[in-house]
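Excluded from the calculations below are hydrogen atoms, water molecules and symmetry mates; all remaining heavy atoms, backbone and side chain alike, are included.
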Amino acid sequence: MKDLLPVKVECHSGYKADEYPRCFFFDNHRIDVEEIIDRWYQISPSLSVNNSIPEFPDAKYFKVRTPDQKIYILKHETETGNWFVWIRGESMNLS
């Protein structure tokens with residue numbers, strides 16, 4: 001998915017690691033998460049118990065609001081631990 005850009009994320013870790021994002025870093029900018037608006041899970045369809053389809057890895061998604069009232073969608077691939085921000089086909093202007 002070309003609209004997914006890798007980001008570094010700092011998370012709250014409560015009863016489990018990486019429970020939810022607190023801020024993320026993109027293009028040398030720290031972007032704080034003020035509110036988690038929604039969250040959902042993607043479970044990859046699998047042919048067998050241990051043979052998932054790589055295009056759709058298991059992931060957690062977070063729709064977040066920042067202090068400047070912008071909305072972002074963050075994706076956390078649970079197996080790899082990689083985080084991404086979803087940009088809707090446009091460049092991210094942080095200046």
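No more than 12 heavy atoms of other residues, nucleotides or ligands sit less than 6.0 Å from atom NZ of Lys63.
The CG atom of Leu4 sits 10.5 Å away from the CG atom of Leu74 when rounded to the nearest 0.5 Å. Taking CG of Asp38 as the reference point, atom CD1 of Ile73 lies at 9.0 Å (rounded to 0.5 Å). Atom CZ of Phe25 is separated from atom CZ of Arg30 by 5.0 Å, given to the nearest 0.5 angstrom. The structure places CD of Glu77 at 5.5 Å from CG of Asn82, a figure rounded to the nearest 0.5 Å. Remark: Asp3 CG to Trp86 CH2 distance equals 7.0 Å, nearest 0.5 Å. The distance from atom SG of Cys11 to atom CZ of Phe24, rounded to the nearest 0.5 Å, is 12.0 Å.
Contact between Pro21 and Val9 at its shortest, heavy atoms only, is CB-CG1, 3.7 Å. Tyr72 and Ile31 make their closest contact through CE1-CG2, 4.3 Å (heavy atoms, listed as atom of the first residue, atom of the second, distance). Between Pro67 and Asp32, the closest heavy-atom pair is CD-O, 3.2 Å. Considering every non-hydrogen atom in both Ile37 and Val64, the closest pair reads CD1-C, 4.2 Å.
Judged by distance alone, the side chain of Thr66 and the main-chain N or O of Val33 form no donor-acceptor pair under 3.5 Å.
The salt bridge (Lys or Arg N to Asp or Glu O under 4.0 Å) pairs that include a residue from residues 14-24 number zero, where partners must be two or more places apart or lie in different chains.
Annotation: ring-ring contact (aromatic ring centres under 6.0 Å, His included) contacts of Phe84 (sequence neighbours excluded): none.
In this structure, the side chains of Lys60 and Phe62 come closer than 4.5 Å at one or more pairs of heavy atoms.
With Trp83 as the partner, the side-chain contact (heavy atoms from CB on, under 4.5 Å) test is satisfied by one option alone out of Lys8, His76, Glu10: His76.
With a 6.0 Å cutoff to the six-membered ring centre and a 45° limit on the axis angle, Lys75 does not count as a cation-pi contact of Tyr61.
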